[in-house]
Amino acid sequence: DAKTTQPPSMDCAEGRAANLPCNHSTISGNEYVYWYRQIHSQGPQYIIHGLKNNETNEMASLIITEDRKSSTLILPHATLRDTAVYYCIVRSPYNNNDMRFGAGTRLTVKP
Amino acid sequence: NAGVTQTPKFRVLKTGQSMTLLCAQDMNHEYMYWYRQDPGMGLRLIHYSVGEGTTAKGEVPDGYNVSRLKKQNFLLGLESAAPSQTSVYFCASSYEYTEAFFGQGTRLTVV
């Protein structure tokens, strides 16, 4: 089973920040949090990952709580092209490095 | 630089037929993965490999076999296809702690 829990769907207004939550309460100390998204039926696309510090790149920001049991992906200025299914996963090379996806959150950006 | 290439992109099989899906990556990645995605659902891990000559079972391995004879290739085999294996299959590859890159998928229909 996936080790993460995400809301099934969310809406966001175009131009606003989209905040996507993820619960990973059983995360272990050596597991990273990764975020991917899947647009239509394309292959998933990597967005960002982190261990315990907050991370930012050109696509998004990742906020990880101090206890590491949850995180939030932030798309600062959502556009219509950000409409996709967003997946949060945890992964560790010390756990055979398998990557298991849950159902994800379907984000719909509305004009 | 092709990234991750899946062959074929589409295939229709009759029940009981066999086939092999090929995943090829040119990034010298150690880790490779096979997933299936059914309509409206997330990705489910079938098998994965942490290096040449090694394979491991994922969440839904039954009915599938895999081989990793060369580092750059990961083969997924269906020995006797069933309608329940109708799905979109995705392959991915990565280094140990880095992001995974996905192929564009193989749409398989078993009639």
Side-chain angles (χ1 to χ4, degrees), chain A residues 1-9 20 22 27-53 55 57-60 62 73 84-108, chain B residues 2-7 9-10 21 23-25 27 29-51 54-61 66 68 74 87-109:
Chain A
D1 292 336
K3 301 177 183 178
T4 62
T5 304
Q6 299 176 253
S9 63
L20 291 89
C22 179
I27 193 169
S28 61
N30 54 32
E31 288 184 314
Y32 283 68
V33 179
Y34 287 76
W35 283 83
Y36 290 82
R37 73 180 183 184
Q38 187 176 26
I39 298 173
H40 296 301
S41 299
Q42 299 176 18
Q45 173 193 23
Y46 165 81
I47 301 173
I48 198 167
H49 75 284
L51 183 61
K52 53 184 178 181
N53 297 323
E55 303 287 344
N57 63 20
E58 65 279 4
M59 291 182 67
L62 173 61
L73 179 75
V85 178
Y86 288 77
Y87 297 98
C88 164
I89 67 171
V90 294
R91 178 187 179 198
S92 166
Y94 300 104
N95 187 26
N96 294 320
N97 209 14
D98 67 358
M99 288 196 306
R100 301 194 179 201
F101 287 70
T105 295
R106 180 172 297 277
L107 175 69
T108 302
Chain B
V4 178
T5 303
Q6 293 184 229
T7 307
K9 291 184 171 52
F10 303 92
L21 282 67
C23 177
Q25 52 95 3
M27 296 171 281
H29 286 161
E30 288 292 336
Y31 300 93
M32 296 188 75
Y33 308 83
W34 273 110
Y35 295 89
R36 62 175 288 172
Q37 186 173 35
D38 299 324
M41 298 182 66
L43 284 77
R44 291 186 292 170
L45 181 65
I46 304 172
H47 286 280
Y48 64 101
S49 169
V50 299
T54 70
T55 63
K57 295 180 180 180
E59 302 169 271
V60 288
V66 289
R68 184 97 181 270
F74 195 28
S87 190
V88 179
Y89 292 84
F90 288 101
C91 174
S93 71
S94 76
Y95 289 119
E96 187 176 33
Y97 268 120
T98 63
E99 70 268 32
F101 293 81
F102 284 79
Q104 287 306 299
T106 295
R107 189 172 300 274
L108 176 66
T109 302

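Keep in mind that what you see is a predicted model, and the values were worked out from it rather than measured. The chains referred to below are lettered A, B, ... by the order of the sequence lines, with proteins before strands, and numbering in each begins at 1.
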For the residue pair Arg91(A) and Thr98(B), what are the closest heavy atoms and their distance?
NH1-O, 2.9 Å
Report which part of [X] has an atom under 4.5 Å of a heavy atom belonging to chain A: side chain, backbone, both, or neither.
| X | value |
| --- | --- |
| Tyr35(B) | side chain |
| Ala100(B) | both |
| Leu43(B) | both |

[Y] and [X], any side-chain heavy atoms less than 4.5 Å apart:
| X | Y | result |
| --- | --- | --- |
| Arg107(B) | Ser41(A) | yes |
| Gln42(A) | Phe102(B) | no |
| Pro44(A) | Gln37(B) | no |

Between atom CE of Met41(B) and atom CZ of Phe101(A), what is the distance when rounded to the nearest 0.5 Å?
14.0 Å
